[in-house]
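Let me begin by presenting the structure, written as structure tokens, before commenting on it.
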Amino acid sequence: NNADSSIYYSSILEKELMNRQQGESLSMADVYNTKGNAYDIKKDYANAILYHNKSLAIREKATGNNSSEVAYSLGNLALAYQSKGDYENAEKNGLKSYEIRKKLFGLNNEQTQLSVFNMASLYSEMREWKKAMLFYELQKNYAGRSAINSELADYKLNYGTAQVLSEQNISEGIINLKEATALYSSYQGSNTNKLAICYQNLAVAYTDYADYEEAKRNNEKSAGLKKQLGIIDPESQLNAGNIFYYQGNTTKAIYAYTQALTLYEKKYGYGHHKHITAIENIAEASTKINAAAANQVYRYLLDIYKNDELK
């Protein structure tokens with residue numbers, strides 16, 4: 001949880017292993033992996049990818065290209081690329097990790113299922129819903145057999161979210177999200193944020209169903225829990241903007257979208273790929289409401305975009 005301390009102590013270990021002529025050892029691969037994870041937390045994606053590649057190179061040399069050690073490094077490298085927004089490399093490395101683990105351990109092994117979960121999450125973030133649903137289906141039997149409520153709740157939260165956001169099966173998505181809510185509420189644990197996400201996505205579902213009172217109720221629950229945790233919460237403002245928009249209250253909708261924009265930048269940083277995606281979504285929505293507001297948002301995008309084709 002303290003990335004700077006992790007990097008500091010990992011650097012001490014790195015130097016000690018070098019002094020012992022163990023620069024190509026699996027212990028050094030572990031050190032590089034730790035540094036890669038720490039840099040990922042710091043949003044220093046160039047160094048995160050650098051150290052995960054170093055870890056991968058050592059593991060490939062020491063254990064061969066198709067070992068569980070290599071699958072582990074490939075999985076972490078994929079997550080670093082995903083954090084950066086480089087979905088092409090995230091997908092390539094994530095699928096390699098999944099295929100190695102499936103061949104070594106079978107589909108219903110814990111390590112293979114970790115890769116399945118990561119691929120489902122990646123494709124959901126990419127909004128590649130058909131691919132995401134395929135991996136969520138691969139999780140279903142494993143999650144259903146779990147005796148741990150938190151694992152089943154996590155599955156239902158993630159699958160339900162994908163069903164709602166993809167608009168492929170909103171009714172079943174609502175059922176999964178409600179079941180996840182009940183599971184998170186039934187046991188002690190650090191699940192308040194996940195409970196908030198359940199309510200957040202139920203608000204999206206009920207907005208799609210034009211049940212705006214139910215959408216508002218769930219959105220307020222989500223916002224309340226995130227406030228309790230001290231979490232920056234652009235999603236509740238975005239949901240509120242959508243609810244106001246569909247209710248015909250354009251003034252409140254534009255105000256909520258503006259608040260969401262500010263909070264997305266604060267949460268992810270200026271120009272982060274999730275920040276840009278949020279602006280694109282808000283630009284599209286504001287175009288339907290108010291030309292002047294839309295003009296302002298699109299000018300904001302012009303300042304961020306580096307790619308001439310996007311501009």
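All values below were derived from every heavy atom in this structure, side-chain atoms included, with hydrogens, water molecules and symmetry-related copies excluded.
Of the charged side-chain nitrogens involved, at least one lies within less than 4.0 Å of a carboxylate oxygen, so that D4 and K42 count as a salt-bridged pair. Contact check on E213 versus K216 returns no salt bridge, with no Lys/Arg side-chain nitrogen under 4.0 Å from an Asp/Glu carboxylate oxygen. Under the 4.0 Å criterion applied to side-chain N and carboxylate O atoms, K96 and E99 are not assigned as salt-bridge partners. The pair K92-D86 does not count as a salt bridge, with every side-chain nitrogen at least 4.0 angstrom from each carboxylate oxygen. Looking at E24 and K54, no side-chain N of the basic residue comes within less than 4.0 Å of a carboxylate O on the acidic one, giving no salt bridge.
Side-chain atoms of E14 never come within 3.5 Å of backbone atoms of Y32 as a donor-acceptor pair (strictly under, hydrogens ignored). Side chain of S186 to main chain of L183: a donor-acceptor pair is present (N/O by atom type, distance under 3.5 Å, no hydrogens or angles). Within the 3.5 Å criterion, the main-chain N or O of N2 finds no donor-acceptor partner in the side chain of S6. Under a 3.5 Å cut-off, the side chain of N218 and the backbone N or O of L202 do not form any donor-acceptor pair. With hydrogens and angles ignored, the 3.5 Å screen pairs no side-chain donor or acceptor of S97 with any backbone N or O of N93. Although no hydrogens or angles enter the test, the distance criterion places a donor-acceptor pair under 3.5 Å between the side chain of T112 and the main chain of G106.
A side-chain N or O of T161 and one of N201 form a donor-acceptor pair less than 3.5 Å apart. Remark: the E172 side chain and the Y159 side chain contain no N/O donor-acceptor pair separated by less than 3.5 Å. Side-chain contact of N33 with D30: a donor-acceptor pair under 3.5 Å is absent, judged by distance alone. K226 and Q200 are linked by a side-chain donor-acceptor pair at a separation below 3.5 angstrom, with hydrogens and angles left out of the test.
With sequence neighbours excluded, the residues that form a side-chain contact (heavy atoms from CB on, under 4.5 Å) with L95 are E91, M119, Y123, F135. For Y264, there are no ring pair (Phe, Tyr, Trp, His ring centres under 6.0 Å) partners, not counting sequence neighbours.
Enclosure of atom NZ in K15 is not indicated, since only 12 or fewer non-hydrogen atoms of other residues, nucleotides or ligands lie within 6.0 angstrom.
I279 and L263 fall into different hydrophobic clusters, where Ile, Leu, Val, Met, Phe, Trp and Tyr side chains are chained together by heavy-atom contacts under 4.5 Å.
A cation-pi arrangement is absent between K194 and Y184, since the terminal nitrogen or guanidinium carbon is not both under 6.0 Å from the aromatic centre and inside a 45° cone about the axis.
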Item to check | side-chain hydrogen bond (donor to acceptor under 3.5 Å, both in side chains) between E125 and Y87, worked out | outcome: CA-CA 9 Å; E125 191 171 308; Y87 294 133; 2.8 Å; yes
Next on the checklist: Could you walk me through whether Q168 and K130 satisfy the side-chain hydrogen bond (donor to acceptor under 3.5 Å, both in side chains) test, starting with their C-alpha distance in whole Å, then the side-chain angles of each, then the deciding distance to 0.1 Å, before giving a yes or no?
Outcome noted: CA-CA 9 Å; Q168 290 189 12; K130 286 185 178 179; over 6 Å; no
Next on the checklist: Quick one, Y300 with E265, criterion side-chain hydrogen bond (donor to acceptor under 3.5 Å, both in side chains). Give me CA distance, side-chain angles, the key distance, then yes/no.
Outcome noted: CA-CA 12 Å; Y300 193 34; E265 182 175 343; 2.5 Å; yes
Item to check | Worked check of side-chain hydrogen bond (donor to acceptor under 3.5 Å, both in side chains) between Q163 and N176 | outcome: CA-CA 9 Å; Q163 288 172 315; N176 278 318; 2.8 Å; yes
Checklist entry - Taking it one step at a time, do K311 and D303 satisfy salt bridge (charged side-chain N to carboxylate O under 4.0 Å, His left out)? => result CA-CA 9 Å; K311 283 183 179 288; D303 290 336; over 6 Å; no
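Between T63 and V70, some side-chain heavy-atom pair lies under the 4.5 Å cut-off.
Classification of the Y39-Y51 ring pair by plane angle, with boundaries at 30° and 60°, yields parallel.
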